[in-house]
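The structure appears below as structure tokens.
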Amino acid sequence: MMDVSNLLDNLNEPQRECVAGPKGSSLVLAGAGSGKTRVLVHRIAWLIKAEGISPFSILAVTFTNKAASEMRARIEDLLGSSLRGMWVGTFHGIAHRILRAHYEDAGLQRDFQILDSDDQIRLVKRVILSLDLDEKKWPARQATWWINSQKDEGLRPKNIEHMDDLYLKTHLVIYTAYEDACLRGGMVDFAELLLRAHELWLKKPELLKHYQNRFSALLVDEFQDTNSVQYAWLRVLAGNNDNLMVVGDDDQSIYGWRGAKIENIQQFSKDFPQSNTIRLEQNYRSTSNILKAANGLIDQNFGRLGKELWTDLGDGEPLNLFAGFNEIDEARYIVDRIKDWISQGNMRSEAAILYRSNAQSRVLEEVLLRSQIPYKIYGGQRFFERMEIKNVLAYMRLISQPHSDSAFERVVNTPPRGIGSKSVDEIRGFARGNNISLWDASQRLVENNFLSARASNSVRGFLDFVVLLTKKSEQLDLEEIVELVVRESGLKEYHMKEGGERGQARLENLAELVTAAQTFDPSFEYLLDDDGLEPEESRLSDLEEFLSHASLEAGEQQAGDSEDCIQMMTMHSAKGLEFPLVFLAGMEDGLFPHTMSMEEPGRLEEERRLCYVGITRAMRKLYLTYAESRRIHGNETMNRPSRFISEIPEEVLKEVRMNNTVVLNTPKRKIRDGAVDGTDLRLGQRVIHEKFGEGVILNYEGNGTSARVQVNFNSGSKWLVVAYANLKAVG
DNA sequence: AAGATAGTCGTTTTT
DNA sequence: CGACTATCTT
């Protein structure tokens, strides 16, 4: 019993309530810096130690691999023992495991492969081309985005009404053809993993029951980021077991644009009426002034669940606001403050520069470089998504699955071996005509001399090479296979020729891939059954396991040299982190909030939450900076200071004005309260229209009989005159 | 078929 | 401005 009370030490009252509360469902509204991860970690330890629940019966879900491994490590640290058998993973990782174990029930091939977003776009592009659609008019990116949003909502083509709308109709055709291509090729994209895992529950009740019995506790982190399918999957898995604890913060929901449903938080209380709600409002991270700024800002949003952060760390310094003439001036100011910081004996890694969009990093980089201050930029390209890496992986895929068309297309002429687009078109046409893979098609074309002599030779060379690789690799282990491919594919020489820093980096990455294969531990990926063993039929080879791992875990930032560096990243990627010194750069209307998000109230609110996330990263010192003039896409633009600045209480802001005396004149008033005057409608209201169906009010203008509202229907958004539209309120 | 040059178009990101 | 594509030249 001694260990158990230990778990509650140094926790505040609501935290204890979360950790030691009864086994029933609960919703934890955890403000920024309120010890959310700590609560989750201690809760799991408590379930094991005090409630006697086996780790084997616990499922903890996160959004990123990093969060998952951190959680596992912290629990193991707390318990002092390994957590073999406990499921801690991302939604996608867990869905993947389940689909592998029950691939037949899920209607998948045993060796189905996972498409990453790049693969997916490529495939959609092929589908669009094969449908004889104009790819200018129907860009693959957009179609992919559309398909993913449907899947995120749990919609299959058969569930979607096209209503004679050309946009919907065409995308529906693409979606259907794409789904067909995936099924035939044994390919599953990220959204599909989730959707299929959910459908599996519905389709196979015995299987669902098995997992419902297995898990006596379900825990979810970052709940505000769940999309419709993820939540549906959870809800079905929880069933009537009353064992689901979700932790989240509606004020930090910043991924609505990729399907996250902030409403899931409210929905949770409705779906689990017996659940209790606990608020964590004491912040252990920031000074009171920083929290006042954050609270003041977020108070401008409507429909919040309500939460006010407080701290006993003291007021601290006021926030500094700086206006630069232009972005270079802004960067210089930031770097000067960083110099001060360092000269006061602080670590560089304790300082972070956060911005809205990646493009902003460039100027900052230049100035830091000139001042010889080491920095590190987070985000951007991930390891397994790099072109050179994906090429090697494609050869490896062909070794294990020569019929993988996506892998074939990728490397058939990489490095260039004389098989141009015309030859590939020929192969593709033959493959489609005979309903066979590109591999089989090229084999037959070569055998029957259907290609020109030159092309035939090149294609034969490629086929022979892959066969040779396959033969050789039979005797080799994973890392030796990687070495073999890198050595003999000619990719090394190909990138060597590219020269420059870029080519050099690519070569280094190839070497890094060998290391990644060396250190890869497939046992971690295995699906353990009740007896602690993986069901034999679902076991994949190390090679296949590695390939799945590569798509599912795009790879941490390149094994970072651990030099003490200034941290630079977007505000999105800063979520969950904290720094003693924080700069929010580019606080200008148009940049932040971004132009594309300024029109719709809903999206503006999300930008505001992003700003809230940015502010709450700061522990002690926070600087807000903006530029009066900025080069965007090559031309000078003048922007007003961000409206968010004026939403921060004046008393915590100190304006640092070194250059001139321009005064902030953004109007300071509470923006519209959301009610459409003279009607019974308000922003965010769900309504039904006779013809367009159900939708949500995004915006309005005018009042009374002249009031118009913008409603977002499934088919797109429309402006309607309230007096004529006959909208019926829902819910 | 491969390399060179002109044209386009610009959020945020994980899996 | 600069990364990525489409089209042209050899």
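Naming convention: chains lettered A, B, ... in sequence-line order (proteins, then strands); numbering from 1 in each chain.
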(request) Fit a plane to each ring of A:W87 and A:Y211, take the angle between them on a 0 to 90° scale, and name the class: parallel (under 30°), tilted (30 to 60°) or perpendicular (over 60°). (result) tilted

Ignoring backbone atoms, establish whether [X] has a side-chain N or O less than 4.0 Å from OP1 or OP2 of [N].
X: A:R382; N: B:dT14; answer: yes
X: A:N358; N: B:dT13; answer: yes
X: A:N413; N: B:dA2; answer: yes
X: A:T570; N: B:dT13; answer: yes
X: A:S551; N: B:dT15; answer: no
X: A:R362; N: C:dA3; answer: yes

A:I377 CD1 to A:E365 CD distance, which is reported to the nearest 0.5 Å: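 CD of A:E365 is found 3.5 Å from CD1 of A:I377.
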
Item to check | B:dT14 versus C:dA3 - spacing of their C1' atoms, nearest Å | outcome: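 That atom pair is separated by 23 Å.
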
Identify which nucleotide among [options] has an atom closest to any side-chain atom of [X], counting heavy atoms from C-beta outward.
X: A:T90; options: B:dA2, B:dT12, B:dT15; value: B:dT15
X: A:T64; options: B:dT13, B:dT15, C:dG2; value: B:dT15
X: A:K136; options: C:dT7, B:dT12, B:dT15; value: C:dT7
X: A:S573; options: B:dT12, B:dT13, B:dT15; value: B:dT13

For atom [atom1] of [X] and atom [atom2] of [N], their distance in whole Å:
X: A:Q360; N: C:dG2; atom1: CD; atom2: C1'; answer: 16 Å
X: A:F190; N: B:dT14; atom1: CZ; atom2: C1'; answer: 8 Å
X: A:H549; N: B:dT15; atom1: NE2; atom2: C1'; answer: 13 Å
X: A:I121; N: B:dT14; atom1: CD1; atom2: P; answer: 15 Å
X: A:I254; N: B:dT12; atom1: CD1; atom2: P; answer: 13 Å
X: A:M571; N: B:dT12; atom1: CE; atom2: C1'; answer: 10 Å
X: A:M598; N: B:dT12; atom1: CE; atom2: C1'; answer: 16 Å

Only one of A:V127, A:V188, A:L123 passes side chain to side chain contact (heavy atoms under 4.5 Å, CB included) with A:C182, and that residue is A:L123

Does A:R235 count as lying over the ring of A:Y231, i.e. NZ or CZ under 6.0 Å from the six-ring centre, within 45 degrees of the axis?
yes

Quiz prompt | Heavy-atom neighbours of A:R141 CZ exceed 12 at 6.0 Å | solution =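 12 or below, so no.
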
For a quick check of understanding: with a heavy-atom distance under 4.0 Å over all strands, which category does A:E606 fall into, base, sugar-phosphate or nothing?
nothing

